2 protein chains.
Amino acid sequence: MPRRKAAKARRARTDEPAGAPINFGPLANWVGFNLRMAQEATFEAFSHLSHEVGEKPGRFATLTLIAENPGISQTALSQASGRDKSSLTPVLVDLVRRGLVRRERMPGDRRSYRLNLTAEGERTLAKLNACARRHEKNLDRIIGSERTRFLAVLRKIFAEIR
Amino acid sequence: MPRRKAAKARRARTDEPAGAPINFGPLANWVGFNLRMAQEATFEAFSHLSHEVGEKPGRFATLTLIAENPGISQTALSQASGRDKSSLTPVLVDLVRRGLVRRERMPGDRRSYRLNLTAEGERTLAKLNACARRHEKNLDRIIGSERTRFLAVLRKIFAEIR
DNA sequence: TATTGTTATACTCTATAACTATA
DNA sequence: TATAGTTATAGAGTATAACAATA
């Protein structure tokens, strides 16, 4: 798990009594840098939770997108997640093999598949949603009353940064 | 560049006239998800700028940490960046080969090196800092008056999330 | 014995290009 | 010709474990 180290580094900056005081210089004041640190730490925390229910964190978005867009094609799914379709192939092979996703030929166009969750897939997604709720609760505890404003800024950045 | 695709996906959600309206379901309201989307988009934007000056975005933090902590050892540097020391070896080999970093044996302890920027390293860091300033200006334009509060929340998340 | 840095190796995630089978 | 999905392959970035040199 690549995230263990990151956790240790974070602790080094917070818990550590002394040792070697590292200077982050201008980095410490840059939004980009802090955005990255916060995101990595957050992702790592969610990773832990999802591994507890036996899933990789990356599966969450895939399962959600299939659940919310029943019958979606692999190409549409890859576009929605911003990844090349070839990156999706092994993910779907795994999800189908484990019985979480059902893949059927489109009736009208036999080149494409339509994707749906199986009952097992729904159960797994429910478990991941429970993780996400726990995770969000932790974040809410930290963010407090800023939540709405904070979320609005994140969305604005995503929509407008080039 | 893995980031091209992400850019396309973002555009798909914003510019696109129609096509296939993708449902993001509960994902759209989760802080964790939005944090990730914002960070990926931001990192991609900085990537472009740093490639324009012929550097990888990841070199920025490494060069800054060396500049701000002259004579730092590889182990200390790896801890500061939250990566294993073995991950740093190829990075430093590259930076030394390109004449950006000077590596000298510690006088007192001949196991370790002390790292410093060369004049060329300083120049490259200056160029990357210029990128970062441009990048921050873009972010500031988007974030507006929220900046201080937004930054405070990011730092709080990084410090407290587990 | 413990620590610093390197090497060997592997894993994850991603991409591009060439391919197959349809259309 | 064009599109949906797969395969082959590669690259970036990370990790662990074993090692050599030094402490």
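Values below: every heavy atom of this structure, side chains too, minus hydrogens, waters and symmetry copies. Just so you know, these numbers come straight off a predicted model, no measurement behind them.
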Looking for any heavy atom pair under 4.0 Å, which part of the strands does B/Thr75 touch: base, sugar-phosphate only, or nothing? sugar-phosphate
Categorize B/Ser87 for me: base, sugar-phosphate, or nothing, with a 4.0 angstrom heavy-atom threshold over every strand shown. base
[N] [atom2] sits how many Å from [X] [atom1], rounded?
X        : N      : atom1 : atom2 : result
A/Ile72  : D/dG5  : CD1   : C1'   : 15 Å
B/Asp94  : D/dG13 : CG    : C1'   : 14 Å
A/Glu104 : D/dG5  : CD    : C1'   : 16 Å
A/Leu77  : D/dT3  : CG    : P     : 19 Å
A/Arg83  : C/dT12 : CZ    : C1'   : 12 Å
B/Phe43  : D/dG13 : CZ    : P     : 7 Å

Donor-acceptor pairs are to be reported for all side-chain atoms of residues 126-133 of chain B against protein atoms at under 3.5 Å, with residues two or more places apart or in another chain.
{"residue": "B/Asn129", "atom": "ND2", "partner": "B/Leu125", "partner atom": "O", "Å": "3.3"}

Between protein and nucleotides 6-11 of chain C, map the contacts as a letter string: B base, S sugar-phosphate only, - none, heavy atoms under 4.0 Å, written 5' to 3'. BB----
Ring centres of A/Phe60 and B/Phe33 under 6.0 Å apart? no
Check the interface with nucleotides 20-23 of chain D: list each N/O to N/O pair with the protein under 3.5 Å, or write none.
{"residue": "D/dT22", "atom": "OP1", "partner": "B/Arg110", "partner atom": "NH2", "Å": "2.8"}
{"residue": "D/dA23", "atom": "OP1", "partner": "B/Arg110", "partner atom": "N", "Å": "2.8"}

So that I can tick it off, tell me whether B/Arg83 and A/Glu40 are bridged by a salt bridge, with the cut-off set at under 4.0 angstrom between side-chain N and carboxylate O. yes
Can you name the side-chain hydrogen bond (donor to acceptor under 3.5 Å, both in side chains) partners of [X], sequence neighbours left out?
X        : answer
B/Arg134 : B/Glu52
A/Glu122 : none
A/Thr118 : none

Going by the side chain to side chain donor-acceptor pair (under 3.5 Å) test, which pairs reach into residues 57-70 of chain B, not counting sequence neighbours? B/Arg59-B/Asp94
What residues form a ring pair (Phe, Tyr, Trp, His ring centres under 6.0 Å) with A/Phe150, not counting sequence neighbours?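 Once residues adjacent in sequence are excluded, the partners of A/Phe150 under the ring pair (Phe, Tyr, Trp, His ring centres under 6.0 Å) criterion are B/Phe150.
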Name all residues meeting the side-chain contact (heavy atoms from CB on, under 4.5 Å) criterion together with B/Arg149; count only those two or more places apart in sequence or in a different chain, and write none if there are none. A/Glu146, A/Arg149, B/Glu146
